[in-house]
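Letters go in sequence order (proteins before strands), and every chain restarts at 1. Fair warning: this is a prediction, and the values are worked out from it, not measured in the lab.
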Amino acid sequence: MALGLTLAVLGGALACILGGIGSAIGVGLAGQASSGVMSEDPEKFGSLLLLVALPGTQGIYGFLSAFLVILKIGFTTGAIPKLTVFNGWQILVACLPVAFAGLVSGIHQGKVCASGVYMVAKQPKDLMKPVIMAALVETYAVLGLLITILLLNGIKL
Amino acid sequence: MALAEVEKVQVVAHSDVKMELLSSLQESGLIQLEEATLEEFDLVSSSTEATELEHTLHRLKHALDYFSQEEEKGFLKKLFAQKPSLPRQKRQEVLGFDYQSVLDELEKLEAEKSEILSEIKFLDRERDFLYPLQELSLPVSSVESTDSTEIVLASLPLSQLENLQKLAEEEAIWFEVIHQDKRQIRLLVFYPKQEKIQIEQNLEELDFSHVYFTEPIKSVAEPKDRVKDIMEKIGKKIEEKREEVEALDRARRRLAVEREKIMLVHDVLLNEREKILSSRLLGETERVFYLEGWIRSFDIERLKSYLQSFSENIQLYFRSPLPEEDPPSILENPKPSKPFEVVTKLYGLPQRGSLDPTLPLAPFFFIFVGLCVSEAGYGLIVTILSLLYIKLAKPKGGLLLFLKLLTLLGISTVILGTLVGGWLGFPIRQLMILDPLRDPLSFLILALALGFIQVWFGTLLKLIDGLKNKLILQSIFVQGGWLLLLPSLVLYFLTRHNFWGILSLVGAAGIVFFASPSRNPLARFFGGLYSLYDISRYLADVLSYSRLLALGLATSVIAMVVNTLCQTALDIPWIGWLLAALIFLGGHLFNLAISYLGGFVHSMRLQFVEFFSKFFRSGGKPFKPFEMESKFVEFI
């Protein structure tokens with residue numbers, strides 16, 4: 001049924017969109033901070049890049065989940081199975097953990113990374129400490145991804 | 001798992017050998033100097049020699065900065081560049097090189113250059129000034145008032161031009177517009193000297209302002225020169241000056257042959273400075289000085305042999321650290337687990353008396369990164385690249401340790417990638433024990449089981465740590481209780497066998513009766529009961545390991561996505577194969593980078609948050625031996 005398919009596509013799109021928004025804001029925050037630091041100390045580009053890239057994972061997780069949906073509903077092969085409305089809802093809801101966890105954790109990870117950037121400006125040797133701090137936030141995006149994968153895996157079409 | 005034994009070394013020696021002894025100690029790099037604590041000795045007051053050295057070092061550094069700026073090297077060459085080496089004992093010979101004259105020459109050339117540059121700037125400004133006056137029809141020398149007529153150059157806002165025309169009709173003013181831009185006009189103005197005061201007053205109301213040729217322009221102007229000729233002359237002069245600058249640059253660049261010698265001198269003097277600065281830690285009387293520091297027990301014999309030549313003038317004493325002292329923590333690990341010290345050091349060194357967590361975390365970290373990346377192709381790339389870098393660039397110290405760690409983690413990824421992942425997105429099913437894409441639940445159980453083992457192991461280490469620190473009863477009953485309770489509870493839920501149920505109750509009883517330090521039996525019981533609530537922490541810790549599945553899956557799926565995109569690209573006619581190759585290369589490199597970043601960071605977090613929190617007490621001070629520091633040179 002077309003509605004089922006539409007819902008499934010909406011789910012994949014949401015995962016990609018919300019994760020992407022989270023990451024974009026997060027990377028943006030960290031990027032602004034690091035440009036500020038680099039205006040004083042251009043040498044730090046390499047180490048700051050790591051911190052700026054870190055909140056980018058949520059977008060990747062969202063993209064990845066969307067791709068799993070694409071695989072699930074057979075867009076790659078062209079053999080699109082008939083989805084009931086319930087199937088569609090199931091796939092949509094299965095995408096929500098990664099979507100919302102990614103949206104919120106991406107933003108907050110960006111904040112942690114931005115303050116990490118300021119820390120590295122003063123303590124260049126302690127680069128990995130803010131990275132670990134940021135990873136603590138990312139945990140919840142990872143868990144969201146995990147549940148989305150498990151849910152998608154469990155839905156039988 | 002223990003830290004290296006550290007002893008305090010105390011040296012009393014005759015003042016005559018002070019600097020020589022410090023040199024030898026610096027060469028040996030075995031001792032961390034501490035401020036002398038014996039009250040019979042006064043601390044050496046700071047010496048002025050250091051400030052002079054500081055100044056020379058600054059000049060040397062400036063010269064080296066210039067050389068490295070001038071040097072053009074490819075990225076790869078820079079990456080694999082090696083420092084020149086210098087034998088420690090021969091370092092005084094380096095100072096025989098007349099570096100002062102090189103520095104003087106360099107600085108002289110630099111000063112000359114900046115002077116010429118400022119001249120060029122000045123000439124440029126003159127030329128800009130002349131630019132709007134180009135069309136002036138008179139020679140410059142004739143813009144000079146005569147006995148009866150004022151001849152002046154002037155500028156006027158464009159908006160006042162009309163007013164000026166009106167004024168010219170009323171009074172005896174003749175003018176010619178030389179140049180006109182959006183806001184300003186330049187004029188040549190004639191008016192009779194008799195009416196000067198009146199006319200100038202009127203002109204001033206129009207925002208009229210005089211323009212004078214500057215002295216330098218007048219001085220180069222020959223009687224018949226027009227503005228254009230002068231501009232040409234200035235242009236030629238600038239060219240000449242530029243050539244002079246280039247000649248100076250060439251001369252400076254020729255000095256770059258001395259670069260390596262300057263590097264040697266810089267590092268030797270750097271160490272001289274360190275030596276002078278460290279002498280402030282010494283205690284001194286008129287004839288004798290005293291120093292103390294920390295040394296690894298293991299190195300004592302080496303120190304003695306190093307100081308053999310001083311044996312007549314010095315006295316050495318060694319003793320174990322006192323309870324109130326805080327010696328530095330030195331990690332000591334066998335070769336295979338040594339690279340994992342990188343992880344420990346990142347968190348912080350162990351306190352005195354705490355366990356060194358490096359060896360316990362090594363196997364877990366090894367497996368976790370492998371599982372998170374789980375892509376054998378990436379592992380192979382990382383292993384080969386790190387080995388190549390070690391071979392070609394010969395890094396030292398922390399970087400070498402890190403590269404060794406990367407090599408090990410690459411190997412782990414190859415093994416685990418083959419078993420549960422694939423090779424660049426293509427799984428080899430015959431070799432796989434588990435496919436996380438088809439059977440994620442089994443993989444989840446594997447991840448949680450690994451987590452359970454590490455958490456349990458961490459609790460075991462806490463038990464050992466407690467026993468070492470004489471907390472025997474509490475350690476055996478509480479930590480032992482958890483060690484019994486956790487696995488038997490899991491087994492009880494799995495088998496529903498009463499035996500495991502009873503065993504877990506025994507463990508719980510140990511916790512309930514010994515967890516609280518209170519003497520009041522009731523408070524003790526309820527306190528103990530409350531600490532059973534910690535089981536939720538253990539549960540959360542173990543669940544946290546589910547990230548291994550998520551990260552492993554993410555790598556495999558992205559690798560698969562890359563390959564699928566390649567397949568799609570191949571369908572494009574003509575350039576399909578090229579696009580596919582680009583996507584394949586770029587996609588997998590990107591995936592490699594983010595997988596290793598994620599794998600590294602999350603595996604580390606599992607050590608720091610889930611594992612270390614069970615037993616590890618950090619807060620140790622690092623060992624900073626008094627040694628040869630090298631910035632540009634490797635001392636051998």
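For the set B:L551, B:T568, B:L549, the count of heavy-atom pairs under 4.5 angstrom toward chain A peaks at B:L549. Considering only heavy-atom pairs separated by less than 4.5 Å from chain B, the leading option among A:L50, A:V142, A:L64 is A:L64.
For the residue pair A:L143 and B:S546, the shortest heavy atom distance occurs at CD2-OG, 3.5 Å.
Put simply, CD on B:Q607 and CD1 on A:I132 are 10.0 Å apart, with the number rounded to the nearest 0.5 Å. Residue A:F67 holds its CZ atom at 10.5 Å from CD1 of B:I558, rounded to the nearest 0.5 Å. Distance check, rounded to the nearest 0.5 Å: CG of B:L346 to CG of A:D126 gives 8.0 Å. Atom CZ in B:R605 sits 10.5 Å away from atom CD in A:E138 (nearest 0.5 Å).
For B:V557, the part lying under 4.5 angstrom from a heavy atom of chain A is the side chain only. Looking at A:I60, only its side chain comes within 4.5 Å of chain B, counting heavy atoms on both sides. When heavy atoms are compared at a cutoff of 4.5 Å, B:F443 does not approach chain A at all. Heavy-atom distances place no part of A:T57 under 4.5 Å from chain B, backbone and side chain included.
Of residues 92-108 of chain A, no residue lies under 4.5 Å from chain B by any heavy-atom pair. Within residues 144-154 of chain A, the residues that have a heavy atom under 4.5 Å from a heavy atom of chain B are A:L145, A:L146, A:I149, A:L150, A:N153, listed by number.
Dense packing is recorded around CE of A:M38, with more than 12 heavy atoms of other residues, nucleotides or ligands lying under 6.0 Å away. Other residues, nucleotides and ligands contribute at most 12 non-hydrogen atoms within 6.0 Å of the OH atom of A:Y140.
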